[in-house]
K.L.:
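A single structure is presented below for examination.
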Amino acid sequence: MRDLKHLLYFENLLQTANNELIAQAKRDGGVCAAYPCENVPEPLLNLDRVFSIRLFAPHTGSLDISTYYMTAFLCETSRALLERAIEGGFNFADCVVAPDGCTMMNRCIENMELLKTMGKDNDRFFWEYMEIPLKADDNNLDLYVLQCKNHILKPLAEHYGLDTSDASIRKAVEAHNRVCELIRAIGDFRKEERPRITGYEFHVLTLATYVCPKYLIVDKLAETLEELKTREPDDKPWRARVALVGSEVDDSALIKLIEETGAYVCADRFCFGSLPGRDPIPLTADEDALTQVCRHYLYACQCPRMMNMAKVYGRKEYVNDIAREYGADGVIYEQVKFCDPWAYERLMGSTMLRDDFGFPVLSVDRPYNSASASGQLRTRVQAFVESMEIKKLKKGATV
């Protein structure tokens, strides 16, 4: 396939956490709200002049300093973020809003604050910590709304004088939905028998919507969607199609590694992904926008920290549904090393997807930076692809 017009542009934006568009948005008078976890309602960090940036640490190397503060038994994502913060890589932020998604991320952000890694020479800088529900029901929705009022809307208004009204929230949701609709429309091409976009290309575009000011890339996303409508797919078939499921994947090299073995990544149920992270948020006029946004995030959330039984079983059913919708032959369950919530989820999910739903499953734990274990990962994925091919051949022989 011919190269996408803007792919190199998006790839370059992902080379550093402090990309050129963040600097441009701040020159335009924007306020940068950094956050580390999908459990923060993203549109609420894009009100008025504020824009959201999801923290990530591309090209992570040594974790020695962060390991000194957090020990080697905490997940590599939390340590990589702290390491980058200590290096000064997140100095662009004007505030940090962190949910208690897990104790490891809490310790990461607390160490950032204690070590004064951000906010120098900015007397309006603030740190906020949110208590996030563990169950999806009406009582927990009330808690979620209260937490968003106290730890997002109130400090943004008090420290930066931003408009946090219902009208402002609705406008932010409208802009958020525009990005979601573009990403989901682009992602729908992955359902084709001969896809006209690779899983790697799609991940680059999706990741950019989390780590760049959205209003500065929406035009290029729209151009890319139009370009794909006439793009001719490759004739060479993929050896297999896989759904990639698990914890944070902000490393596009992992997707490229998988696809270099001949396995097409057709669906992306992971943090920083589009399913369900880029679901549009429906709003009605008969209820305040804040409650509707919080309800969407509470009930659509597929994070393993959600513990009511409907969520526990529903997460596996969701993976089954998207795997079938996107035509996956198998499922890769991945987990960043020492991530406790996804360690349990990976065990149960890989077992249920194999035994209850009939999918071949590869279950792996991996480093935050996949390049540090690329040989091992490549070998395991290659063996998985070959096993799926053998099963297809055996099934064809018995038909």
K.L.:
Which residue, R124, K26, H159, forms the side-chain hydrogen bond (donor to acceptor under 3.5 Å, both in side chains) with D94?
P.N.:
K26
K.L.:
Check whether any side-chain heavy atom of Y333 sits under 4.5 Å from a side-chain heavy atom of V364, and report yes or no.
P.N.:
no
K.L.:
Salt-bridged, D188 to R184, with N to O below 4.0 Å?
P.N.:
no
K.L.:
Could you check whether any side-chain N or O of R196 sits under 3.5 Å from a backbone N or O of E232, counting only pairs where one atom can act as donor and the other as acceptor?
P.N.:
no
K.L.:
Looking just at side-chain N and O atoms, do T291 and D288 make a donor-acceptor pair shorter than 3.5 Å?
P.N.:
yes
K.L.:
Would you give the length of the straight line joining atom OG1 of T206 to atom CD1 of I186, rounded to the nearest 0.5 angstrom?
P.N.:
7.5 Å
K.L.:
Mind checking whether F384 and V361 have side chains closer than 4.5 Å, heavy atoms only?
P.N.:
no
K.L.:
Among the clusters formed by ILVMFWY side chains lying less than 4.5 Å apart, do V242 and V381 turn up in the same one?
P.N.:
yes
K.L.:
Of the non-hydrogen atoms in W238 and A263, which two are nearest, and what is the gap between them?
P.N.:
CE3-C, 3.9 Å
K.L.:
Would the distance check show the side chain of N19 and the main-chain N or O of I22 forming a donor-acceptor pair, the cut-off being under 3.5 Å?
P.N.:
yes
K.L.:
Say whether, by atom type as modelled, one donor and one acceptor occur between the side chain of T117 and the main chain of M112 under 3.5 angstrom.
P.N.:
yes
K.L.:
What is the minimum heavy-atom distance between C266 and Y326, and which atoms define it?
P.N.:
O-CD2, 3.2 Å
K.L.:
Does any donor atom in the side chain of N18 or T16 lie under 3.5 Å from an acceptor atom in the other side chain?
P.N.:
no
K.L.:
Tell me whether K191 at atom NZ has more than 12 heavy atoms from other residues, nucleotides or ligands lying less than 6.0 Å away.
P.N.:
yes
K.L.:
Quick check: are there more than 12 heavy atoms from other residues, nucleotides or ligands sitting under 6.0 Å from CD of Q24?
P.N.:
yes
K.L.:
Tell me whether the NZ or CZ atom of R190 lies within the 45° cone about the ring axis of Y264 and under 6.0 Å from its centre.
P.N.:
no
K.L.:
Under 3.5 Å, is there a donor on one side chain and an acceptor on the other for D137 and N140?
P.N.:
yes
K.L.:
Using a strict 4.0 Å threshold on nitrogen-to-oxygen distance, state whether D100 and R305 make a salt bridge.
P.N.:
yes
K.L.:
Same cluster or not: V179 versus I197, using hydrophobic residues (I, L, V, M, F, W, Y) connected whenever any side-chain heavy atoms lie under 4.5 Å apart?
P.N.:
yes
K.L.:
Could you list the residues that satisfy side-chain contact (heavy atoms from CB on, under 4.5 Å) with Y9, not counting sequence neighbours?
P.N.:
L13, E20, L21, K220
K.L.:
Just by distance, no angles: are the side chains of S168 and D48 close enough, under 3.5 Å, to form a donor-acceptor pair?
P.N.:
no
K.L.:
Compute both the distance and the angle, then confirm whether R278 meets the cation-pi test with Y210: under 6.0 Å from the six-membered ring centre, within 45 degrees of the axis.
P.N.:
yes
K.L.:
May I ask you to decide if L244's main-chain N or O and E334's side chain share a donor-acceptor pair within less than 3.5 Å?
P.N.:
no
K.L.:
Does the pair E11 and Y200 meet the rule for a side chain to side chain donor-acceptor pair (under 3.5 Å), with working shown?
P.N.:
CA-CA 11 Å; E11 287 177 324; Y200 166 76; 2.4 Å; yes
K.L.:
Other residues, nucleotides and ligands only: do more than 12 of their heavy atoms fall within 6.0 Å of CD on E193?
P.N.:
no
K.L.:
Treating E248 as the side-chain partner and V336 as the backbone partner, does any N or O pair qualify as donor plus acceptor under 3.5 Å?
P.N.:
no
K.L.:
Ignoring hydrogens and angles, state whether a donor on the side chain of Y129 or E113 is under 3.5 Å from an acceptor on the partner side chain.
P.N.:
yes
K.L.:
Does this structure show an ion pair linking R295 with E287, if we count only N-O contacts that are shorter than 4.0 Å?
P.N.:
yes
K.L.:
For the residue pair F125 and V96, establish whether any side-chain heavy-atom pair is separated by less than 4.5 Å.
P.N.:
yes
K.L.:
S372: what forms a side-chain contact (heavy atoms from CB on, under 4.5 Å) with it, not counting sequence neighbours?
P.N.:
P367
K.L.:
Got a donor-acceptor contact below 3.5 angstrom from the Y69 side chain to the L115 backbone?
P.N.:
no
K.L.:
Does a side-chain N-to-carboxylate-O contact under 4.0 Å join K391 and D329?
P.N.:
no
K.L.:
Can you name the salt bridge (charged side-chain N to carboxylate O under 4.0 Å, His left out) partners of K229, sequence neighbours left out?
P.N.:
E226
K.L.:
Distance-only, no hydrogens or angles: does the Q147 side chain make a donor-acceptor pair with backbone N or O of E131 under 3.5 Å?
P.N.:
yes
K.L.:
I need the minimum non-hydrogen distance between F51 and G30, along with the two atoms involved.
P.N.:
CE2-C, 3.9 Å
K.L.:
With sequence neighbours excluded, tell me which residues meet side-chain contact (heavy atoms from CB on, under 4.5 Å) with D234.
P.N.:
M1
K.L.:
So does L74 get a backbone contact from the side chain of R79, meaning a donor-acceptor N/O pair under 3.5 Å?
P.N.:
yes
K.L.:
Let's go through F202 and F189 carefully: what are the C-alpha distance in whole Å and the side-chain angles of both, what is the deciding distance for side-chain contact (heavy atoms from CB on, under 4.5 Å) to 0.1 Å, and is it a yes or a no?
P.N.:
CA-CA 10 Å; F202 180 72; F189 289 117; over 6 Å; no
K.L.:
Any luck finding a side-chain donor-acceptor pair between T224 and H6 under 3.5 Å?
P.N.:
no
K.L.:
Within a strict 4.5 Å, meaning less than it, do heavy atoms of the L290 and L153 side chains meet?
P.N.:
yes
K.L.:
Using a 6.0 Å cut-off, check whether atom OH of Y299 has over 12 heavy atoms from anything other than its own residue.
P.N.:
yes
K.L.:
Please work out which of the three classes, parallel, tilted or perpendicular, describes the rings of F73 and F338, given edges at 30° and 60°.
P.N.:
perpendicular
K.L.:
Check E87 with R84, please: is the shortest side-chain N to carboxylate O separation under 4.0 Å?
P.N.:
yes
K.L.:
When you look at CG of D355, are more than 12 heavy atoms from neighbouring residues, nucleotides or ligands closer to it than 6.0 Å?
P.N.:
yes
K.L.:
Where is the tightest heavy-atom contact between I132 and N39, given as atom of each residue plus distance?
P.N.:
CD1-O, 3.9 Å
K.L.:
Are any of the side-chain nitrogens in E260 or R378 under 4.0 Å away from the carboxylate oxygens of its partner?
P.N.:
yes
K.L.:
Side-chain contact test, heavy atoms from C-beta onward, threshold under 4.5 Å: evaluate it for C180 versus D279 and give yes or no.
P.N.:
no
K.L.:
Please check if any side-chain donor atom of Y215 sits under 3.5 Å from a side-chain acceptor atom of N46, or the reverse.
P.N.:
no
K.L.:
Let's go through R324 and N320 carefully: what are the C-alpha distance in whole Å and the side-chain angles of both, what is the deciding distance for side chain to side chain donor-acceptor pair (under 3.5 Å) to 0.1 Å, and is it a yes or a no?
P.N.:
CA-CA 6 Å; R324 297 193 186 283; N320 173 63; 2.8 Å; yes
K.L.:
Spell out, yes or no, whether L143 and L141 are grouped together once hydrophobic residues are joined by side-chain heavy atoms under 4.5 Å, including indirect joins.
P.N.:
no
K.L.:
Show the nearest heavy-atom pair for residues F359 and A328, with the distance to one decimal.
P.N.:
CE2-O, 3.5 Å
K.L.:
Closest approach of S370 and L254, non-hydrogen atoms and distance?
P.N.:
OG-N, 3.6 Å
K.L.:
Can you name the residues that form a side-chain contact (heavy atoms from CB on, under 4.5 Å) with D365, not counting sequence neighbours?
P.N.:
Q335, K337, R346
K.L.:
For the CD atom on E389, are there more than 12 heavy atoms of other groups (residues, nucleotides or ligands in this structure) within a distance under 6.0 Å?
P.N.:
yes
K.L.:
Same cluster or not: are L347 and M352 linked, directly or through other Ile, Leu, Val, Met, Phe, Trp or Tyr residues, by side-chain heavy atoms under 4.5 angstrom apart?
P.N.:
no
K.L.:
Is the backbone N or O of T198 less than 3.5 Å from a side-chain atom of E259, with the two atoms forming a donor-acceptor pair by type?
P.N.:
no
K.L.:
One pair to check against salt bridge (charged side-chain N to carboxylate O under 4.0 Å, His left out): D235 and R194. What are the steps and the verdict?
P.N.:
CA-CA 7 Å; D235 292 329; R194 294 170 57 220; 2.8 Å; yes
K.L.:
Residues two or more places apart in sequence or in another chain: which of them pass salt bridge (charged side-chain N to carboxylate O under 4.0 Å, His left out) with E83?
P.N.:
none
K.L.:
If the threshold is 4.0 Å, N to carboxylate O, is there a salt bridge linking E201 and K256?
P.N.:
no
K.L.:
Counting N and O atoms only, with roles assigned by atom type, does the side chain of N308 sit under 3.5 Å from a partner on the main chain of K135, one being a donor and the other an acceptor?
P.N.:
no
